[in-house]
Novice: 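Submitted below is the structure of interest, expressed as structure tokens.
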Amino acid sequence: MKVSRVFLFAALLLAAAPARAQDADTILLNGKIVTLEAAGTAEALAIADGKIVAAGRNDDIARRAGAATRRIDLAGRTVIPGLIDSHMHAIRAALFYATEVNWIGARTIPEAMARIRDKASHARPGEWIIVAGGWTPPQFAEKRRPTQAELAAAAPDNPVYIQLFYSAALLNPAGFAALNITKDADVPPNGKLERDARGALTGWIAGDNPTISGLFDRLPLPTFAQSVEGTRQFFRELNRLGLTGVSDPGGFNLTAPSYGPLFRVWQDKQLTVRVIYSLFAQRRGKELEDIENLTQMLPMGFGDDMLRFNGIGENVAWGMYNNDNPSEAQKQQYYEIARWAASRGMTLTQHWNNNKSVHHLLDVFERVNKEIPIAKLRWSIAHLNDATGENLARMKALGVGWLMQNAMYFQGEAFLRERGNEILRLTPPIRTALNMGLVVGGGTDAHRVMSYNPFVSLQWMLDGKTVGGLATRDADETPSREEALRIYTQGSAWFTHDERRRGTLGPGRLADLAVLSADYLTMPVGEIGALTSVLTMVGGRIVYAGGPYSGLEEAR
Ligand SMILES: [Zn+2]
């Protein structure tokens, strides 16, 4: 009798225990929470141990609060899953963020020059002032590039380097002097000093990818401490724009030591964006040897929820990088590396610009796939803005996804001149890809060729307008607001094998979210690019808080 009473008491305790254990760390109430799950829109969310434990009605969620639970009143605001840029050169952007100037959002040349003048007024003698891309002439009311005279007036004493995509760079006279450039032969391969009609140097250097990367390599690097600080600042800036994750595809000027500042911030537990990175080809002709060496202690998936290794790309082999006519030998080399990656269960992502030549790449993927099925490995092709349905279908059949960015936001005017209106109206074919069930990831390709702002990219997905206001893509190739958001969350998460862990806001998902400054679902489309987050969480931790929530940001 006594035993059974004790037993009954214990059983009651056990029954009661789960209710206590489920006390939320944080609850968010009175919101419009776009879960992107079957639940649809919820009023409230409960978070415990970095994960979402429930989404639902206010009263149900309020019951999960205990005495120690933090309660956040959303006051009707819209909450979305944290945005994930599936193709951003974030690690490189971060290295330079504390020392570079950017022209993101500058609407006139005087406004751009004011940022140069401001930097110059604080610079030490001889210190370089650098704008490493991220702008385009159509964004300026003047619809042209700045001149060297304008630059020299803004910064007469310090050397200045202005990069335009990977096609040109402008230096002021102090910059030419600092790099000892007086003639074409002083510029890296394929570079040319531009001259005006009278034969005088304009200050602009024209070139291609190797020219511009080569020039950039001659500029002094920030110190380790500046790069650590830049990394912290840049990721907080991304948090301010609702980003909680990036996939980083390596890039030019990025070698193994370049990852040091990122690793330091991660070790210090100060990383506020989940970074999933891949390995970019290093030495030409030694690509496989370099990848084999570097990955001996860096197996696929190595890392944790904040920082993780995700295979190779976006340059796998130099011979197939920006090459529309690869030779048989170049394709064979690529095949050997791709096959090696498949045999090790590695994800592979490949930069490819033009639909007309992507069959070379797809042929190699199909050849590998016959020997080792690649669908489970989540390979991808990045860019390919003018993709046709035929090539998207070949990707779909292989289980290869598409990393799609808003390149046309900056380059629509140039694309129109080169390719004509008929193709521009289908570029990129977002709706065609979604209709065939292809996985599409959202992103920007920031920061040298594009701004990193995800809301600008989302707005462009929906209205197809360039920074200069040119309407491009047809409504037929335009996603709905919810579809665009899915591309930037769930879609992006797929490429890092994370779509069951993040990208939506349901029980069991990582608590990565952004509370928005206005309602993405109902506001005028033309204003979406100006959205910000007022509160961003990564794993339930408040990594950015502004406006009504400032003060809630957790110390780093
Ligand atoms: Zn690329």
Side-chain angles (χ1 to χ4, degrees), residues 84-95 132-134 136 163-167 207-213 216 246-255 258 275-282 284 287 291 310-324 326 330 334 337-338 341 347-358 360-362 364-365 378-387 391-392 395 400-411 414-415 427-428 433 440-452 454 457 460 487 491-492 495-496:
I84 304 169
D85 190 315
S86 56
H87 190 93
M88 187 201 288
H89 299 278
I91 296 170
R92 187 178 60 200
L95 294 176
T136 185
Q163 181 174 328
L164 178 57
F165 300 106
Y166 283 95
S167 59
D208 57 11
N209 236 314
T211 318
I212 304 301
S213 301
F216 189 85
V246 293
S247 279
D248 183 287
F252 288 101
N253 316 102
L254 212 58
T255 56
S258 315
V275 179
I276 315 289
Y277 65 105
S278 56
L279 180 58
F280 194 88
Q282 300 288 306
R284 186 182 287 271
E287 292 89 340
I291 295 168
N310 195 45
I312 62 173
E314 68 173 312
N315 178 5
V316 169
W318 288 99
M320 291 271 279
Y321 188 80
N322 285 331
N323 182 1
D324 288 323
Q330 286 169 326
Y334 194 103
I337 301 172
T347 294
L348 179 156
T349 183
Q350 178 62 45
H351 159 111
W352 205 277
N353 281 325
N354 298 317
N355 180 74
K356 69 175 183 203
S357 59
V358 75
H360 292 296
L361 178 66
L362 290 168
V364 175
F365 282 8
R378 314 249 167 131
W379 287 13
S380 59
I381 299 177
H383 319 316
L384 206 64
N385 292 301
D386 62 344
N391 283 326
L392 294 176
M395 290 165 66
V400 167
W402 184 28
L403 297 172
M404 190 273 305
Q405 304 88 34
N406 56 322
M408 288 298 126
Y409 179 69
F410 272 9
Q411 297 179 15
F415 191 91
T427 302
V440 183
T444 58
D445 201 14
H447 77 307
R448 292 192 184 162
V449 299
M450 181 51 59
S451 141
Y452 45 77
S457 189
W460 161 86
I487 286 173
S492 292
F495 293 84
T496 61

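These numbers were taken from a predicted model, which means no experiment stands behind them. In each ligand, atom 1 is the first atom listed, and ligand 1 is the first ligand listed. Both backbone and side-chain heavy atoms feed into the values below; hydrogens, waters and symmetry mates do not.
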Novice: Tell me, please, which residues at least two apart from Arg92 pass salt bridge (charged side-chain N to carboxylate O under 4.0 Å, His left out).
Specialist: none
Novice: What protein N, O or S atoms come within a distance below 2.8 Å of the Zn ion (ligand 1), ordered by chain and number?
Specialist: Glu314 OE1, His351 ND1, His383 NE2
Novice: Do Tyr409 and Thr136 come close enough that some side-chain heavy atom pair is under 4.5 Å?
Specialist: no
Novice: For Asn209 and Phe252, run side-chain contact (heavy atoms from CB on, under 4.5 Å): C-alpha distance rounded to whole Å, both residues' side-chain angles, the deciding distance at 0.1 Å, then the answer.
Specialist: CA-CA 9 Å; Asn209 236 314; Phe252 288 101; 3.0 Å; yes
Novice: Counting N and O atoms only, with roles assigned by atom type, does the side chain of Ser86 sit under 3.5 Å from a partner on the main chain of Ser492, one being a donor and the other an acceptor?
Specialist: no
Novice: Checking Asp386 side chain against Thr427 main chain: does a donor-acceptor pair fall under 3.5 Å?
Specialist: no
Novice: Under 3.5 Å, is there a donor-acceptor pair linking the side chains of His89 and His447?
Specialist: no
